[in-house]
Amino acid sequence: MIKNRKQLIKAYIDFFKSKNHKEIPNVSLIPEHDPTVLFTTAGMHPLVPFLLGQPHPQGKRLCNNQKCIRTQDIDDVGDTYHHTFFEMLGNWSLGDYWKKQAIEMSFEFLTKILKIPKEKLAVTCFKGNKNAPKDTDSAKIWESLGIPKERITFLVEDNWWGPAGKTGPCGPCTEMFYWKKNNPPKKFDPKDDNWVEIGNDVLMQYNKDAKRNYREASQKNIDFGGGVERTIATLNKLEDNYKAYMWLPIIKQIEKLTGKKYGKDENQTRAMRIIADHIKASIFIIADGIIPSNTEQGYVLRRLIRRAVRYGRFLEIENFATKIAEPVFKIYDDYQHLQKNKKKILEELEKEEKNFLKTLEQGLKQAKKIFNAKIPINKQKFSKLMKSPNKADLIGRIFDKKRRGKPYSLKEPKLSEKEIDNAEITGKEAFLLYQSYGFPLEMIDELAMAKGFLISHQDFRNEEQKHQTLSGAAMVGRFKSGLADNSEAVTKLHTATHLLNEALRKVLKDKNIQQKGSNITPERLRFDFNFPRKLTEKELQDVENLVNEKIKQAIPVKREEMSVEQAKKAGAQGLFEAKYREKVSVYTIGNFSREICAGPHVKNTGELGHFKIIKEESSAAGIRRIKAVLE
Ligand code: ATP
Ligand code: MG
């Protein structure tokens with residue numbers, strides 16, 4: 001019987017290996033070559049170039065277990081089945097098997113390996129719209145496997161995926177649901193929370209072109225994703241993920257520290273889940289090399305820790321982060337990088353918590369002062385507003401109208417301009433709490449909303465821009481959507497990065513220089529490497545010249561697949577860690593550069609234009625950072 005996560009992961013990988021899939025590595029939570037998202041949000045994320053058609057060195061059938069962070073689910077965290085950090089089982093067909101085999105394998109795994117009775121399963125399929133027809137194929141396949149018609153529902157939005165950017169692969173998906181209680185109803189209702197989505201087969205059938213036409217794709221892919229936490233709860237007949245082993249020891253620890261009981265009081269239970277969730281996610285983010293800061297991933301991390309600290313205060317505990325962290329290292333003893341970085345992780349958690357505690361109390365006092373000078377919205381009206389599914393949009397629109405001098409009263413619930421004005425926490429006030437006391441915006445929002453006040457996020461951001469502080473607010477859009485940008489500009493900068501990497505080793509005469517980080521947007525490349533001191537003007541000029549020389553020589557860029565052993569022998573740069581199993585892609589630029597890399601790259605360096613370094617600075621102890629552009 002499969003009961004715990006290690007057994008589940010092994011059973012899944014073994015099953016798909018038996019179906020000729022190759023296991024691919026569980027990669028870092030921090031995307032290596034993708035500036036459009038802050039975190040790895042799904043197992044398919046690192047596979048984007050291959051879904052787009054580039055051949056994968058391991059073949060056309062892949063599978064793995066991938067750690068994921070989804071900050072966009074943060075509002076749902078606190079329920080029984082959404083987490084910021086979770087593990088996702090994935091299997092992929094890159095132009096190999098199609099719907100029938102994919103669905104049959106998913107079904108076989110769920111019913112034969114996991115032994116879930118099919119009476120407890122239901123599925124959704126794509127209903128069809130103006131872009132693509134109803135996916136009757138999938139429904140028929142499910143029916144042939146014994147899923148009755150009344151357990152198959154057709155939906156539109158939830159059953160369409162992609163494309164990741166403006167164009168590219170996209171298509172319907174078919175989601176699998178499990179009834180978490182006894183006696184499943186005959187008819188499936190996807191809106192009933194007792195049906196929990198445990199897996200999803202994305203069927204990349206179409207290609208959206210620049211003219212917004214959806215055509216049958218030449219390479220049709222399958223992308224299955226299934227949640228480990230939800231599946232484990234299912235297999236243990238638990239209605240609450242937090243009662244399963246990957247959570248329970250953390251919850252027990254919180255109970256011990258607070259003297260409060262999980263499951264007794266609704267608000268306290270929610271707080272316990274949020275604390276457990278945020279601390280676990282923080283541990284995994286730090287383990288992948290991020291520390292709390294005011295930008296990008298570091299800011300997300302900071303917000304997670306601070307939010308946990310505030311919920312801790314609600315449960316009347318302080319200085320708890322490291323104690324709650326302790327069980328996480330045991331639960332995930334198979335993640336070597338957690339164990340290896342344990343000391344650093346605990347130090348960072350403690351430091352951030354201590355820092356925040358210094359200002360939390362005063363900040364809450366200040367917030368109270370601000371609130372006391374206002375009149376909250378009438379309770380009934382406010383709860384109506386909070387229940388509207390697009391409340392954030394609604395509030396945004398009210399303040400947008402106000403800013404533009406238009407009438408901004410609201411019809412449903414009925415709110416006069418005066419009522420809105422009285423309850424408004426201004427952008428300036430919110431920003432004060434952010435700047436002086438380190439309160440993240442969503443925390444200010446939560447505090448305000450708990451009391452019946454409103455904040456305009458736009459006004460807050462305008463204020464923030466005025467102060468030119470860097471914060472995560474501007475980043476929000478970046479982790480809401482978007483996957484790898486494989487635009488021409490980005491592709492060119494990828495190749496330029498390889499040239500830069502080698503040019504640095506040559507000019508600085510240091511063979512030990514290695515890439516320590518890379519981030520590419522369509523505008524610029526950013527490259528981190530190990531080197532003990534600042535580069536001189538002359539050195540920077542020489543590096544730039546050498547790169548431009550290689551561009552002028554118009555050298556072909558060659559891609560080959562080889563084993564890690566062969567790549568090493570061939571002198572390729574790259575990470576020679578165990579995570580690279582079997583075959584890898586190696587890009588060679590004449591006799592100048594050779595690197596293990598997933599791409600994409602241009603065909604010839606002549607395509608690059610003129611290379612220019614715009615900045616050289618320190619990034620961390622012993623690490624330098626170069627920003628450069630192609631003109
Ligand atoms: P939901 O609608 O429940 O949020 P989703 O449609 O966002 O799920 P997918 O993007 O299809 O989910 O991800 C594949 C699988 O990963 C899901 O079927 C689910 O089992 C799991 N999963 C997704 N988001 C979370 C989360 N925040 N916490 C735990 N598991 C998740
Ligand atoms: Mg979701």
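First listed ligand is number 1; within each ligand, the first listed atom is number 1.
Without hydrogens or angle criteria, Asp96 side chain to Lys60 main chain gives no donor-acceptor distance under 3.5 Å. Of the possible polar contacts, none joining the Asp209 side chain to the Thr167 backbone as a donor-acceptor pair under 3.5 Å is found. Looking only at distances, a side-chain donor or acceptor of Asp277 sits under 3.5 Å from a matching main-chain atom of Thr84.
Selection from Phe86, Phe85, Phe177 by nearest heavy atom to atom 29 (C) of ligand 1 gives Phe86. Considering each of His83, Met44, Gln72, the one bringing a non-hydrogen atom nearest atom 28 (N) of ligand 1 is His83. Between the choices Gly199, Gly225, Ala42, the shortest heavy-atom distance to atom 15 (C) of ligand 1 belongs to Gly225.
Lys127 NZ: 12 or fewer foreign heavy atoms inside a 6.0 Å radius.
Those atoms of ligand 1 with a heavy atom of Glu175 less than 4.0 angstrom away are 6 (O). Contact atoms of ligand 1 toward Asn200: 11 (O) (distance under 4.0 Å to a heavy atom of the residue). Near Tyr81, with a cut-off below 4.0 Å to any heavy atom, the atoms of ligand 1 are 28 (N), 29 (C).
Residue contacts with ligand 1 for Arg230 involve side-chain atoms from C-beta outward but no N, CA, C or O (heavy atoms, distance under 4.0 Å). Heavy atoms of Ile198 found under 4.0 angstrom from ligand 1 belong exclusively to the backbone. Contact annotation: for Met88 versus ligand 1, heavy atoms closer than 4.0 Å belong to the side chain alone. Of the heavy atoms in Glu197, both backbone and side-chain atoms come closer than 4.0 Å to ligand 1.
Taking a cutoff of 4.0 Å between a charged side-chain nitrogen and a carboxylate oxygen, Lys187 and Asp192 do not qualify as a salt bridge.
Considering Phe39, Phe329, Tyr335 as possible partners of Phe284, the one that fulfils the ring pair (Phe, Tyr, Trp, His ring centres under 6.0 Å) test is Tyr335.
A ring-centre distance under 6.0 Å is not found for His337 and Tyr332.
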